[in-house]
Amino acid sequence: QRQFQGDQVLRIMARDEEQAALLKMLEEQEELQVDFWRHPFGPGHPADLRVPFPSLGAVKGFLESHSFPYTVMIEDVQELLDEEKEAMARSRRVKR
Amino acid sequence: SSRAFDFGSYHTLDEIYSWMDTLVEDHPGLVSKIQIGQSYEGRDLLVLKFSTGGSARPAIWVDTGIHSREWISQATGVWTANKIAEEYGRDPSVTALLDNMDVFLEIIANPDGFVFTHSSDRLWRKTRSPNTGSHCLGVDPNRNWDAGFGGAGSSGDPCSDIYHGPFPHSEREVKAIVDFIRGHGNVKSVISIHSYSQMLLFPYGYTSVPSPDYQEMNELAKKAVSDLAAVYGTKYTFGSIADTIYTAAGTTVDWAYDQGVKYSFTLELRDTGRHGFLLPSSQILPTATETWPALLDIMVHVLEHPY
C-alpha cells in the first residue's frame with residue numbers, strides 16, 4: 001500500500017499569468033513528484049498540490065522565492081486516509 | 001434489501017456491484033443491469049438501466065467516477081440510483097421522466113482505477129492500462145475522447161495524470177461508453193460526474209468558442225446550481241469548461257456534444273478545498289442530496305425540450 005505520511009496539500013493562488021505559468025513549470029519537474037489535485041488554470045483560481053514529504057522543502061522554497069500566496073490545506077494526507085479507512089471499517093462493523 | 005445498505009459510507013467495488021444486484025431485485029420492471037464491456041484488467045463495466053418499457057426510447061446517460069480517486073462521485077452515483085428507483089411513482093417529475101425516457105447510470109466508470117484506490121493507492125486517478133515504452137501506467141479517461149484529442153490541457157507524457165493516451169478511445173472504459181452511446185442512437189443527454197470544484201460545466205472544453213447552444217445551456221446551468229444551492233447553500237460556479245476552468249481537450253462531454261448529444265454536462269461535486277478527494281463520508285449524504293435537484297432540473301429540461 002502506498003503511504004502518504006507527511007505529505008501535504010497546498011492551496012496556491014497565482015497572482016497573475018506569469019505566476020500561473022511558473023506553477024505549470026512545477027508540474028513538469030518530475031523529480032518533485034507533485035500531484036496536482038486542482039490544476040493551475042490562471043490567476044484568481046486556486047491550484048491544489050499534494051506534495052510528497054521529501055519535496056516539501058523544495059516546493060515551499062520555490063513558492064516563497066516567487067512570492068506565491070499559499071496555505072496548507074491538508075497537514076498530513078496519511079492522517080486523513082487513516083481516518084477514512086477507520087470510518088469504512090466502523091461502517092462494516094455496524095449490524096444493519 | 002437495498003434499504004439495508006449504508007449510503008453514508010464509502011464502499012468497495014464488490015460491495016457496490018453486489019448492491020446493484022439488490023437494487024435490480026428490489027425494483028423488477030424498472031431497474032435492470034447491463035454490461036457494456038470489460039475494463040483493461042477484465043472487470044465488468046456495468047450500467048444500471050432505469051426503464052418502464054418500450055424500445056429505443058430517448059435516453060439520458062449518467063456516469064460517475066471516471067476519475068477513480070474522486071470517491072464522492074461514485075458514492076453519489078449509488079445514492080442517486082437508489083433515489084431514481086424509489087421516486088418513480090412517487091415524485092411526479094421522476095415518474096414523467098421514466099414514463100417517457102430511459103436513464104442509464106454507470107456508477108463505476110473506471111473499475112480498475114477504483115479497485116486500485118482501495119488496494120494500493122488511494123489517490124490514483126487514471127485507468128490501469130500499460131503504456132508502451134514507459135514504466136508509468138494508465139491514461140486519463142477524461143482526456144481520451146475524440147474531441148480535440150491531444151490538444152491543450154492534456155499531456156503526451158504517460159507519467160502525467162492528464163496523459164491523453166496513444167489514440168482516441170484507446171481505453172476500454174472509454175470505448176465501451178462510446179460504443180454504447182453510438183449504438184443506442186437516441187441518447188439526448190450525457191451527464192458526467194466528477195469532484196471536487198463545485199461547478200456545473202458544459203461544452204466546449206477544447207476551444208473557447210461558445211457552442212451553438214451556449215445560451216440555453218447557460219440558463220439551464222444557472223437554474224440547476226441555484227436549486228442545488230437552495231438545499232445547503234453550497235455555491236457552484238457554472239459555464240463552459242474552457243471559460244470556467246481551463247482549456248481541456250479530449251473530454252467526455254465535448255465528445256458527446258460533437259456527436260449530437262445537445263444536453264452534455266459535467267458536474268464537479270464538493271468540496272470547497274478542505275479535504276479535496278478525501279471528503280469525509282459524513283458529507284456523502286449532503287452532497288448527494290444537494291446534487292439531486294440539479295440533476296433533476298437537467299433531466300426534466302431534457303424531457304420537456306425534445307429535439
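Only this structure's heavy atoms are used, side chains among them; waters, hydrogens and symmetry mates stay out. Chain identifiers are assigned alphabetically (A, B, ...) following the order of the sequence lines, protein sequences preceding nucleic acid strands; residue numbering begins at 1 within each chain.
In this structure, NZ in A/Lys85 is found 11.0 Å from NE2 in B/His118, a value given to the nearest 0.5 Å. Here the CZ atom belonging to A/Arg38 is positioned 8.0 Å from the CD atom belonging to B/Glu268, to the nearest 0.5 angstrom. Distance CD/A/Gln1 to CZ/B/Arg122: 11.5 Å, rounded to 0.5 Å. To the nearest 0.5 Å, atoms OG (B/Ser281) and CD (A/Glu86) are separated by 11.0 Å.
The side-chain heavy atoms of A/Met88 and B/His11, taken from C-beta on, include no pair separated by under 4.5 Å. Using a 4.5 Å cut-off on side-chain heavy atoms (C-beta onward), B/Asp121 and A/Phe4 make contact. Taking the side chain as every heavy atom from C-beta outward, A/Phe36 and B/Asp161 never approach each other to under 4.5 Å.
Taking a cutoff of 4.0 Å between a charged side-chain nitrogen and a carboxylate oxygen, B/Arg69 and A/Asp35 qualify as a salt bridge.
By the side-chain hydrogen bond (donor to acceptor under 3.5 Å, both in side chains) test, B/Tyr163 pairs with no residue at all, sequence neighbours left out.
When heavy atoms are compared at a cutoff of 4.5 Å, B/Ser120 approaches chain A solely by way of its backbone atoms N, CA, C and O. At a 4.5 Å heavy-atom cutoff, B/Ser195 makes no contact with chain A through either its backbone or its side chain. Proximity to chain A (any heavy atom under 4.5 Å) is restricted, for B/Trp71, to the side chain, taken from C-beta onward.
Considering all non-hydrogen atoms of both residues, A/His45 and B/Thr244 come closest at CE1-O, 3.8 Å.
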